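Both backbone and side-chain heavy atoms feed into the values below; hydrogens, waters and symmetry mates do not. The structure displayed is predicted, hence computed values, not measured ones. To find a chain, count down the sequence lines: A is the first, B the second, and so on, and within it residues start at 1.
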Protein chains: 4
Amino acid sequence: MSKKQDIMTATLDLIHEEGLQSVTFSKLFKRASVGSGTIYNYFANKEELVNEVYRESRTKMGEYLLQGYDANASLYERFKCLQLNRLRFGMHFPKRFLFIDSYSFSPYIDPVLRNQDDDYQSSQIVQELIVDGQRQGIIKEMDAHLCHQLIHGIISSILKGFFVNKYPLNEVQIQQMIEASWKAILV
Amino acid sequence: MSKKQDIMTATLDLIHEEGLQSVTFSKLFKRASVGSGTIYNYFANKEELVNEVYRESRTKMGEYLLQGYDANASLYERFKCLQLNRLRFGMHFPKRFLFIDSYSFSPYIDPVLRNQDDDYQSSQIVQELIVDGQRQGIIKEMDAHLCHQLIHGIISSILKGFFVNKYPLNEVQIQQMIEASWKAILV
Amino acid sequence: MSKKQDIMTATLDLIHEEGLQSVTFSKLFKRASVGSGTIYNYFANKEELVNEVYRESRTKMGEYLLQGYDANASLYERFKCLQLNRLRFGMHFPKRFLFIDSYSFSPYIDPVLRNQDDDYQSSQIVQELIVDGQRQGIIKEMDAHLCHQLIHGIISSILKGFFVNKYPLNEVQIQQMIEASWKAILV
Amino acid sequence: MSKKQDIMTATLDLIHEEGLQSVTFSKLFKRASVGSGTIYNYFANKEELVNEVYRESRTKMGEYLLQGYDANASLYERFKCLQLNRLRFGMHFPKRFLFIDSYSFSPYIDPVLRNQDDDYQSSQIVQELIVDGQRQGIIKEMDAHLCHQLIHGIISSILKGFFVNKYPLNEVQIQQMIEASWKAILV
DNA sequence: CATGAATGAGTTTTCATTCAT
DNA sequence: GATGAATGAAAACTCATTCAT
C-alpha cells in the first residue's frame, strides 16, 4: 500500500509543479523512488493513475467539507461552516484543491468520477441549505444549482488569487469573503 | 494568412475537445487540413503556437470586455456593463473563455502573456471602479485585488456550471448574477 | 515504396535467422537502415507488419506455382508441373517457403490470410487435377483435400530436410520425389 | 512434483493456444495456479522450461513410436506399425506433436535436444527398415534420409490438415495413407 | 518450498521536428 | 509557401527475474 501511496503523492506533486501534460513516467518514478514497472502493479496506465488521484482528492475534500457541521445550527452558522471548510480545505491542501479545480472538467478525467458519491453528500447538504433558506425567505429565489455554484465559485476564485499571491488571506479577509458570499445570495 | 488561421482555429478546437495535453501535431494537421511542415512557417514550435492562440484569445476578450463601456455612467451602470460583458463573452466564445480560464496559470503559457496589455486595460478599469466605489462609500473596504477576484470569479464559476448544463442561463438568471455580485461587494 | 520494401525484406530475413519471437524492432531498424519511427508510417504494429510479409509471401508463391502450367497437358504432365513448381519455389525462396510453412497455423497470423485468394487459384487447380484423375480412374479414390495435403506435404517435408542438409537435392532426387508422390496417389 | 507438472502442462497448453512467442510468465502463472517465483525452484529460466517441455514431449513420442514393434515381422508389417504409431501419436497428443513439429528447428530449442536419444532409437529403426527394404529390392534405391523424410513427412502433413479440420481421419483414411506412403517408396 | 511485490533492462510506440521536393 | 516521408529522442509499457517473507 505504501508504494501505491508514494506514487499517488508524487503524481499530485508533479501535476502541481509542472502541469498534467508534462508529468512523464520517468519523472514520476524518480520522484516516488520506485522502479519503473511498479506503477503497473497498481494502475493500468497513466490515465487510470491520474483518475485515481482525482478520486482520492475528491474523497478527502468531501470529508473535509463536513467537518464540524451541525445540522441544527442556524442557517447562517451552517452556511458559514460550509464556506469556511471549503476555504480551509483549499488553504491546507492547495495541490488537491487546484488539481480538482483544474481537471474536473478536463477530458482526461472520467466524467463518471465528476459525479461520484464521495463529496456528493456535502453537495446535497449545500443544496438543502439553499432550499431551506429560500423557504425561510432568507435566501433569494433562484435555481438552487446556480446559487450553489455561485457561493462555491466565490471561494474557488478567491483561493486561486491567493495562491498566486495577489493578496493575503488572513482572518479579516476570510471573514469578508464569508460575508460577501452570504450577502450575494440574500433576498 | 488563411492557413495560419486554420491552424489556430484547429488548435483551439482540439484543446477544447481533448485538453491541451492530448493535442498532437498529427491531430492538428488533419483537423486543419494542412501539411505537417506548414506550421513551421508560422510558429517556431508547438509552445509558440499555443501561446499565440492564448494571446489571440486574451486580445479578443480584452476588446469584448469594454464594449459599450461609458466612463461617465453611474457606478452601478459601469459595474453592470463590465460584468455583463464578461458573462456574454463566455457565452459567445466558450472555447476561448475556457482556454483562458484553464491555462492562464499553466506552465505551458508564458507568464509574460498573463499580464499582457490587451485586457490589462479592462483590468485597470475594474480596479479603478472598485477604488472609486470605495471612496464613495458604496463598495465595502477591502483589498481591491481581492474584490476584483471576487466579482470576476462569480462570473467564471457561473459560466462553467452553465457549460456543463447544470442550469440554464437566461436573462432572468443573468440579471440575478449581476445583482448577486453587486450585493456581495456593497458595504 | 522502397522503405516499405526494405522493412519487409529485413523482417523476412530476421524471422529466418532468429525466429519470429526474437525479431525486435531495434534489430529491424538497424537491418533495414531505417529510422525507428518509419515503420509506423506503413504498419500499425508488429503484428500487421508480419502479416503483411506473410500475405506478400503467399502472393509470390501463388504466382510461382502456376508458372508454365498447361491445362491441356496430360494428367501426369500437369501433376509434375505443379509439384516441380512447388519444389522449385522452396529451393529458390527458402525464407519465404519456411516462413509460410512455419507460421501458416500460428496464432500470430490472421486466420483470414490463411485462406486468401492469392494462391487459392493454384489450390483450385490442384483440386481439379485430383478430381479429374479420379474420374479417369488413374488417381485413387479418396478425399480430394486429403490427397492434396498428401502430395503437398511430401514436397514440404522433403524441402525441410534439404534445408537442414540432411541430403542433397539434385535433379535425380527431384525426379525421385516427383515419382514417389505420383505413385503414392495412383490406384 | 505436482507443481512442476502443473507448470509444464500449462506451458504446453499456452504454446498450443497462442504460440511460443506470446507465452509470458504471467500468463503461465495464472494458468498453472502457481506463484511467480515457484518456477525458479524447478527451472533456471524460461528457455530451460521450454526445452524441458520439448524434451518430455520427444521422450513421450519416442516411446509411443515403438509400441508393438516386432523386429521379426515382415517389412510391410514393420513399416505399417511405425507409420501408424506416428499417426496415432499425433492424433492422441496433438499439442505435443505440433509443438515438436513447429519448434524442432527453432533457435529457442537447444540443438542438442533435437538429436536426443529418446526417439533417436526409433529413427535408427526406420533407417534400418529402409536399408533392409532396399537390400531386398522392395524399396526403391534412394538416399535413406530422403526416404525417411518422405514417409515421415506424409504423416506430419496429413495430421496438420486433420488438425485444422480439412478432412476427417477415420480408419479408412488412415489405411489409405499407410498404403500411399508405402507405394511412394516401392520400386 | 511457495509466494507475489518490486524491479529495471529491454521493447514498443509516440510525436515534434527536419528537409528534400 | 506547402508538403509529408523520414527521423530519433523520449515516452509508455512489458516481462523475466529477484528476494524478503
>> My understanding is that only residues two or more places apart in sequence, or in another chain, count here; which of them pass side chain to side chain donor-acceptor pair (under 3.5 Å) with C:S102?
In response: none
> Who pairs with C:K46 by side chain to side chain donor-acceptor pair (under 3.5 Å), at least two apart in sequence or on another chain?
Replying inline: none
Distance, rounded to the nearest Å, where [X] contributes [atom1] and [N] contributes [atom2]:
{"X": "B:N41", "N": "E:dC19", "atom1": "CG", "atom2": "C1'", "result": "12 Å"}
{"X": "D:Q21", "N": "F:dA16", "atom1": "CD", "atom2": "P", "result": "13 Å"}
{"X": "B:E47", "N": "E:dC15", "atom1": "CD", "atom2": "P", "result": "17 Å"}
{"X": "D:I39", "N": "F:dC15", "atom1": "CD1", "atom2": "P", "result": "15 Å"}
{"X": "B:Y40", "N": "E:dT18", "atom1": "OH", "atom2": "C1'", "result": "8 Å"}
{"X": "C:F43", "N": "E:dT13", "atom1": "CZ", "atom2": "C1'", "result": "16 Å"}
{"X": "C:E48", "N": "E:dT13", "atom1": "CD", "atom2": "P", "result": "11 Å"}
{"X": "D:K46", "N": "F:dT18", "atom1": "NZ", "atom2": "P", "result": "15 Å"}

> For B:K95, what residues pass the salt bridge (Lys or Arg N to Asp or Glu O under 4.0 Å) criterion, not counting sequence neighbours?
Replying inline: B:D13
>> Can you list everything that forms a salt bridge (Lys or Arg N to Asp or Glu O under 4.0 Å) with A:E48? Sequence neighbours excluded, please.
In response: none
> Is the shortest side-chain N/O distance from B:Y42 to OP1 or OP2 of F:dA2 below 4.0 Å?
Replying inline: yes
>> Check the phosphate of E:dT3 against D:K3, side-chain N and O only, distance under 4.0 Å to OP1 or OP2. Yes or no?
In response: yes
> Starting at the 5' end of DNA chain E and moving along, which residue's nearest nucleotide shows up first, C:F25 or B:T24?
Replying inline: C:F25
>> Below 4.0 angstrom, which residues in residues 27-38 of chain B have at least one non-hydrogen atom near DNA chain F?
In response: B:V34, B:G35, B:S36, B:G37, B:T38
> Any side-chain heavy-atom pair from A:R96 and A:R58 closer than 4.5 angstrom?
Replying inline: no
> Should B:H16 and B:F99 count as side-chain neighbours, where that means a heavy-atom distance under 4.5 Å?
Replying inline: no
> Of all heavy-atom pairs between C:G90 and C:F163, which one has the smallest distance, and what is that distance?
Replying inline: O-CZ, 3.2 Å
> Start at the 5' end of DNA chain F and walk down; is the nucleotide closest to D:V23 or to A:N45 reached first?
Replying inline: A:N45
> Where are the stems of DNA chain F, defined as at least 3 consecutive Watson-Crick or wobble G-U pairs with both distances under 3.5 Å?
Replying inline: E:2-21 with F:2-21
> Which whole number of Å gives the distance between the C1' atom of E:dC1 and that of F:dT21?
Replying inline: 13 Å
> Is a side-chain donor-acceptor pair under 3.5 Å present for B:S104 with B:Y54?
Replying inline: yes
> Parallel, tilted or perpendicular: which fits the ring planes of A:F89 and A:F93, with parallel below 30° and perpendicular above 60°?
Replying inline: tilted
